[in-house]
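Remember, it's a predicted structure, so these values are computed and weren't measured experimentally. Residue numbers begin at 1 in each chain, while the letters A, B, ... track the order of the sequences.
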2 protein chains.
Amino acid sequence: MEYMTKAAASTDEPQWLTAEEQRIWRSYLHATYLLEDHMDRQLQRDAGMPHVYYGLLVKLAESPQRRLRMTELAMHAKITRSRLSHAVARLEKNGWVRREDCTWDKRGQFAVLTDQGMEVLRNAAPGHVATVRNALFDRLTPEQQKSLGEIMEIIAEGLQPDEAGADLPWLR
Amino acid sequence: MEYMTKAAASTDEPQWLTAEEQRIWRSYLHATYLLEDHMDRQLQRDAGMPHVYYGLLVKLAESPQRRLRMTELAMHAKITRSRLSHAVARLEKNGWVRREDCTWDKRGQFAVLTDQGMEVLRNAAPGHVATVRNALFDRLTPEQQKSLGEIMEIIAEGLQPDEAGADLPWLR
DNA sequence: GCCCATTTGTTTAATCTTCAAGGACAGGAC
DNA sequence: GTCCTGTCCTTGAAGATTAAACAAATGGGC
């Protein structure tokens, strides 16, 4: 099977990927998979949590009072509230995050980074940064770094929040 | 907390990320997350399986006799044998893949793409390609596409198979 | 006050991934 | 042949993610 390529496009055939596009796409899949895996393993080993969970602690650490409403945290981290609920349950069990009721909205909950969580973050951060450097920035020229940033912003822009119009091409 | 940035590096501080590097890294995380999520949803909706499983079917479809030894398939798809075992079990239950014993190595198993699996692939491919186009190639200039390919190859190269020397910088 | 749609966050079950362990066979040393 | 080590693949349990359903509270319209 030719997967996504096509020698010549005939009438209303899907627009397959060229050989070059396919090469790029596979490189993309391969690299992003390896890198995410690499980060996950590093953090699992050095901090005892997956990359996404680490990201949650970072968001909390950057917030005033080291606290954020669940929904806000979910939005910042771009994950669903459901996933966040599970994640915070786990982080709470580890003593790295604490929940607090919201005074003025009785439905609300704050996720609060504990001192212990802060400590874990402090210990893990250097290794994490070093890993990012090693795997990414040290290998790219300044131009490539710049280009990577631009490209990633374009991609993200096209897939934004609710993907409104993503499959409504006439609205684009 | 400043996460990964640092105004000025003092003695043997970890080499934090500059504001610009941090911006790029976050764009990368955001974009790759959104895109993978986007592909997963598209395939789950249109083909009833996650992106990784789809990739397995593709690898099989591209192989002679539409079959591959488990270990080979795992290596091609860059996943662990364990993960592959579970995945094939699921695909087998769906009737898209069949297992066959290896004649000359009684430990061995082939994963074989069934006609039904081939059919699923055939039906899903156009939508999948269109999604990739929409989300990625249609938004990038030819130069950006080229650059993306180069960058991704560099990243993958640095994280190759066993990552030998990944945290042994003196061997690099 | 009373409704009702919406928001907030959790819960359940199903699915997927990872990790550690293990069974079966292969291939070479002896 | 026996023993040993390594390879091939599976298994089971624990962790993580998703989707759908849900209770509680809010906030507006009336």
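Taking 3.5 Å as the limit, the base of D:dT18 and the side chain of A:His86 contain a donor-acceptor pair of atoms between them. Contact annotation: side chain of B:Arg107 to base of D:dT7, donor-acceptor pair present below 3.5 Å. For B:Ser82 against C:dC19, a side-chain-to-base donor-acceptor contact under 3.5 Å is present.
Look at CG on A:Leu91: it is 13 Å from C1' on D:dG15, rounded to the nearest Å. For the pair B:Glu36 CD and D:dT18 C1', the computed distance is 14 Å after rounding to whole Å. Between B:Gln109 atom CD and C:dA26 atom P the separation is 13 Å, expressed in whole Å. Atom CZ in B:Arg83 sits about 12 Å away from atom P in D:dT17, given to the nearest Å. If you measure from atom CG of B:Leu84 to atom P of C:dC19, you get 16 Å, rounded to the nearest angstrom. C:dT7 atom C1' lies 17 Å from atom NZ of A:Lys106, rounded to whole Å. Regarding A:Asp40, its CG atom lies at a distance of 14 Å from the C1' atom of C:dC16, rounded to whole Å. We find that CZ of B:Arg81 is positioned 14 Å from C1' of C:dG23, with the value rounded to whole Å.
Residue whose closest nucleotide on DNA chain D sits further toward the 5' end, between A:Ala87 and A:Thr103: A:Ala87. Nearer to the 5' terminus of DNA chain C, by closest-nucleotide assignment, is the contact made by A:Asp105 (compared with the other of A:Asp105 and B:Asp105). If A:Tyr33 and A:Phe110 are placed on DNA chain C by their nearest nucleotide, the residue sitting closer to the 5' end is A:Phe110.
A side-chain donor-acceptor contact under 3.5 Å links A:Gln42 and A:Asp46.
Of the candidate nucleotides D:dT17, C:dT10, D:dC9, D:dT17 has the atom lying nearest to any side-chain atom of A:Tyr53.
Looking at heavy-atom distances under 4.0 Å, B:Ser85 makes contact with a base.
Not one side-chain nitrogen or oxygen of A:Arg99 sits closer than 4.0 Å to the OP1 or OP2 atom of C:dG9. Between C:dC16 and B:Arg90, a contact under 4.0 Å exists linking OP1 or OP2 to a side-chain N or O. Within the 4.0 Å cut-off from OP1 or OP2 of C:dC19, not a single side-chain nitrogen or oxygen of B:Thr80 is found. The shortest distance between the side-chain N/O atoms of A:Arg69 and the OP1/OP2 oxygens of C:dG9 is below 4.0 Å.
Under the 4.5 Å side-chain heavy-atom criterion for grouping Ile, Leu, Val, Met, Phe, Trp and Tyr, A:Leu34 is connected to B:Ile155 within one hydrophobic cluster.
Within 6.0 Å of atom CD in A:Glu119, more than 12 heavy atoms from other residues, nucleotides or ligands are found, so the atom counts as buried in its surroundings.
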Point to revise | Step-by-step side chain to side chain donor-acceptor pair (under 3.5 Å) determination, B:Ser147 to A:Ser147 | key: CA-CA 7 Å; B:Ser147 183; A:Ser147 183; 2.9 Å; yes

Exercise for review: Start with the C-alpha distance between A:Arg139 and B:Glu150, add both sets of side-chain angles, then the distance that settles salt bridge (charged side-chain N to carboxylate O under 4.0 Å, His left out), and finish with yes or no.
Suggested key: CA-CA 11 Å; A:Arg139 302 179 189 275; B:Glu150 291 166 358; over 6 Å; no

